[in-house]
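Counting begins at 1 with the first residue of the sequence.
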Amino acid sequence: MATMDSLISLINRIQRACTLLGDHGADQASHSLWESLPSVAVVGGQSSGKSSVLESIVGRDFLPRGSGIVTRRPLVLQLHRIEEGLQEHAEFLHLPKKRFTDFSMVRKEIEDETSRMTGKSNQISPIPIHLRIYSPNVVNLTLVDLPGLTKVAVEGQPESIVHDIESLIHSYVDKPNCLILAITPANQDVATSDAIKVSRQVDPAGERTFGVLTKIDLMDKGTNALDVLEGRSYRLRIPWVGIVNRSQEDINRKVDMIAARKREREFFATNPDYAHLASKMGSEYLARLLSKHLESVIRARIPGIASFINRSIDDLEAELAHLGRPVSIDAGAQLYTILELCRAFDRVFKEHLDGGRPGGDKIYIVFDYQLPAALRKIPLERHLSLQNVRNVISEADGYQPHLIAPEQGYRRLLESSLNYFKGPAQASVDAVHFILKELVRKSVAETEELKRFPTLRSEIAVAANEALERFREDGKKTTLRLVEMESSYITVDFFRKLPQEVVDRGENQASASAEGHFQRIGSNVLSYVGMVSETLRNTIPKAVVHCQVREAKRSLLDHFYAQLGKKEAMQLTRLLDEDSALLERRQQCAKRLELYKSARDEIDAVCWSG
């Protein structure tokens with residue numbers, strides 16, 4: 001079962017793959033994927049304690065400090081929890097082979113990398129720096145540190161700096177899948193908070209905003225922050241979290257961050273104003289809270305992310321399929337190669353059906369669970385309600401009421417009831433069809449020999465899916481015929497019992513109410529339909545397997561083989577067409593494809609565990 005850690009790890013992998021894609025020219029693809037990913041944006045004004053909050057979450061001093069705008073590029077910070085005893089370290093994406101164990105050098109590299117893009121000026125850049133930190137003292141989490149909000153431009157800054165920073169921040173927080181970490185100092189009125197102002201604009205209901213109140217220990221004596229923390233000043237869906245920052249003296253003395261966390265816990269636990277909230281205060285709680293909520297956002301976004309990743313994988317596999325050794329120019333050899341590739345695909349497909357590979361077992365689930373559930377949901381009791389039975393019997397009788405048993409009424413009730421079985425029958429055919437289509441997709445993707453030949457892969461997929469469509473039509477006709485057969489000929493024993501039942505109860509019939517008469521009719525019909533339901537529960541799967549699964553195993557590509565024999569040499573060559581110009585990109589594409597496939601595997605695990 002997928003854990004929260006694997007979910008966060010999943011997004012980290014995708015973000016890394018996305019960045020690599022952007023670095024190698026696929027800017028539009030990487031940008032689109034990046035836009036779809038959940039994130040946590042850290043927003044606050046200058047001197048709000050934003051850097052201290054991040055360092056408390058990480059448990060390390062690693063961010064540049066100073067006056068004015070210190071953060072001039074977004075910092076995408078990916079935290080990875082490692083086992084106790086392993087060495088803490090950091091890695092930058094722009095320095096993939098370099099590992100930092102001295103976190104003062106991490107700070108210097110952030111400063112240097114910022115200057116490389118913005119120069120020594122106070123200008124900002126929207127191009128992010130990607131930093132990964134591995135530590136036993138963190139939770140798996142991804143944060144985006146953004147430049148601090150400012151109200152006026154100072155010397156050395158362009159006049160547009162206020163607007164530039166706001167635009168950069170909005171490029172992140174405007175996305176509905178972005179969680180907002182709104183940093184506000186406790187010694188400032190929440191109503192004037194820069195971070196809350198931004199949050200109000202994009203998240204007026206406060207559904208994705210995490211309010212963080214810093215510098216609580218610096219409030220004037222006799223005052224406290226309970227109005228904010230308890231949601232009376234400004235209510236958010238997620239309660240506010242209070243943080244105690246390290247003092248400047250602590251920073252200068254290089255007080256250990258773990259010790260600072262302990263002191264923070266002690267502050268809330270022993271302070272009479274905040275003791276009742278202590279379990280939900282502090283940087284450690286904030287990190288866990290963010291990680292938990294990020295997981296829920298990830299789960300909600302998985303389908304869209306998976307769809308984009310699958311499209312990206314298809315694109316990368318199509319690119320890789322162009323690579324490899326050249327194929328013979330002889331038409332006979334080409335035809336032999338194509339047939340061998342088709343057989344390789346066919347073997348993989350049969351392995352999925354027969355249990356050598358996963359997927360075929362889903363067909364059994366259709367028969368053992370989905371079909372019986374659909375049959376149970378048929379609204380027979382509503383259809384055979386007293387009022388409906390009375391109406392159908394009366395309409396069938398016409399001007400002359402029935403004398404003994406209303407045969408025409410019975411037939412109408414039976415036929416209309418049995419019509420309900422057409423829906424589950426067709427649904428079973430469609431469900432198995434979509435499973436077979438998915439197995440074709442997987443088989444095409446998993447047939448290694450086909451990856452070099454995108455045109456042939458596409459032709460095989462199209463041919464296989466066209467064959468499945470034909471099998472589906474046969475399956476629908478056969479299963480509907482089963483239902484219609486039950487409607488066409490009613491089992492005679494059922495009707496033969498009815499006159500005897502009426503005779504046996506003849507003395508009481510006169511005194512029995514019409515209501516009891518119609519109830520017996522409805523009960524008789526329901527009993528018969530129940531017997532038919534049991535029959536169809538067994539025969540529909542037989543028809544589906546015979547028409548769809550058996551034919552898919554026996555003749556999935558028969559029509560394609562027949563068409564191959566009619567193709568000219570040039571047409572065969574096009575099927576095996578390769579693009580030698582892309583050979584030099586093989587290594588890069590393979591690496592990116594591996595990252596995406598790893599992400600897809602984790603998505604599959606998350607979906608199955610849900």
Side-chain angles (χ1 to χ4, degrees), residues 310 339-378 418 420-450 456-486 532-564 604 607-608:
N310 283 330
L339 291 173
E340 284 295 303
L341 291 167
C342 290
R343 291 188 191 102
F345 158 77
D346 202 45
R347 282 195 300 272
V348 173
F349 181 71
K350 287 177 179 175
E351 285 174 8
H352 276 292
L353 284 176
D354 294 334
R357 294 171 186 252
D361 55 308
K362 295 180 185 178
I363 295 174
Y364 175 72
I365 293 173
V366 173
F367 300 148
D368 192 55
Y369 173 74
Q370 294 179 13
L371 174 60
L375 293 176
R376 286 193 298 271
K377 288 180 182 177
I378 292 176
L418 292 174
Y420 281 109
F421 288 90
K422 291 181 179 180
Q426 293 187 69
S428 297
V429 171
D430 289 337
V432 171
H433 173 73
F434 289 122
I435 291 170
L436 292 173
K437 279 188 71 174
E438 177 63 12
L439 293 184
V440 165
R441 186 194 72 80
K442 285 187 175 180
S443 300
V444 169
E446 292 170 10
T447 305
E448 293 296 326
E449 298 89 333
L450 280 176
L456 181 59
R457 282 180 65 207
S458 177
E459 291 289 328
I460 289 176
V462 169
N465 285 322
E466 288 175 351
L468 292 179
E469 289 291 343
R470 293 193 295 272
F471 303 153
R472 172 160 71 167
E473 288 307 309
D474 289 343
K476 281 188 176 180
K477 289 176 183 176
T478 303
T479 53
L480 290 178
R481 192 173 291 124
L482 288 174
V483 177
E484 289 164 358
M485 285 165 55
E486 295 291 345
V532 172
S533 177
E534 284 302 310
T535 301
L536 291 175
R537 178 176 174 174
N538 294 318
T539 56
I540 287 173
K542 294 177 187 293
V544 171
V545 170
H546 180 80
C547 296
Q548 294 175 262
V549 181
R550 176 174 169 269
E551 286 304 308
K553 288 178 67 176
R554 291 176 56 183
S555 58
L556 186 62
L557 294 180
D558 279 6
H559 185 71
F560 183 65
Y561 292 148
Q563 296 299 314
L564 275 179
D604 288 343
C607 292
W608 279 109

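- If you take NE2 on His433 and NZ on Lys476, they are separated by 8.5 Å, rounding to the nearest 0.5 Å.
- A distance-only check finds no donor-acceptor pair linking the side chain of Glu486 to the backbone of Leu418 [under 3.5 Å].
- One finds the CD1 atom of Ile365 at 5.5 Å from the CG atom of Asp361 (value rounded to the nearest 0.5 Å).
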Verify side-chain contact (heavy atoms from CB on, under 4.5 Å) between Asp474 and Glu551, making sure each step is shown before the conclusion.
CA-CA 10 Å; Asp474 289 343; Glu551 286 304 308; 6.0 Å; no
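- The shortest distance between side-chain heavy atoms of Leu480 and Gln426 falls below 4.5 Å.
- Salt-bridge formation is not detected for the pair Glu473/Arg470: no Lys NZ or Arg NE/NH1/NH2 atom is positioned less than 4.0 Å from an Asp or Glu carboxylate oxygen.
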Derivation of the side-chain contact (heavy atoms from CB on, under 4.5 Å) call for Thr479 and Ser428:
CA-CA 9 Å; Thr479 53; Ser428 297; over 6 Å; no
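- Judged by distance alone, the side chains of His352 and Glu446 do bring a donor and an acceptor atom under 3.5 Å apart.
- Looking at heavy atoms from C-beta onward, Phe349 lies out of side-chain contact with Thr447 at the 4.5 angstrom threshold.
- The line from CG of Leu564 to CD of Glu459 is 9.0 Å long, rounded to the nearest 0.5 Å.
- Side-chain atoms of Val440 and Phe345, non-hydrogen and from C-beta on, do get closer than 4.5 Å to each other.
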Does Arg343 form a salt bridge (charged side-chain N to carboxylate O under 4.0 Å, His left out) with Glu340? I'd like the steps, not just the answer.
CA-CA 5 Å; Arg343 291 188 191 102; Glu340 284 295 303; 2.7 Å; yes
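- One distance of note links CD of Glu466 with CD of Glu469; it measures 9.0 Å at 0.5 Å rounding.
- The NZ atom of Lys442 sits 5.5 Å away from the CD atom of Glu438 when rounded to the nearest 0.5 Å.
- Rounding to the nearest 0.5 angstrom, the gap separating the CD1 atom in Ile435 from the NZ atom in Lys362 is 7.0 Å.
- At a threshold of 4.5 Å between non-hydrogen side-chain atoms, the residues Leu436 and Leu556 do not count as touching.
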Walk me through it: do Leu482 and Phe421 pass the test side-chain contact (heavy atoms from CB on, under 4.5 Å)?
CA-CA 10 Å; Leu482 288 174; Phe421 288 90; over 6 Å; no
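- Put simply, the side chain of Phe367 does not reach to within 4.5 Å of the side chain of Ile540, judged on heavy atoms.
- Residues Leu439 and Gly359 come closest through the heavy atom pair CD2-CA, 3.7 Å.
- With hydrogens and angles ignored, the 3.5 Å screen pairs a side-chain donor or acceptor of Asn465 with a backbone N or O of Ala461.
- For the pair Lys553 and Asp346, the salt-bridge criterion is not met [side-chain N within less than 4.0 Å of a carboxylate O].
- Of all heavy-atom pairs spanning Pro424 and Ala374, the tightest one is CB-CB, 3.9 Å.
- Considering all non-hydrogen atoms of both residues, Ala425 and Val483 come closest at CB-CG2, 4.3 Å.
- Closest heavy-atom contact between Ala431 and Gln370: CB-OE1, 3.9 Å.
- The cationic group of Arg472 lies under 6.0 Å from the six-membered ring centre of Phe434 and within 45° of the ring axis, placing it in a cation-pi geometry.
- With contacts defined as side-chain heavy-atom distances shorter than 4.5 Å, the pair Ile363/Leu353 qualifies.
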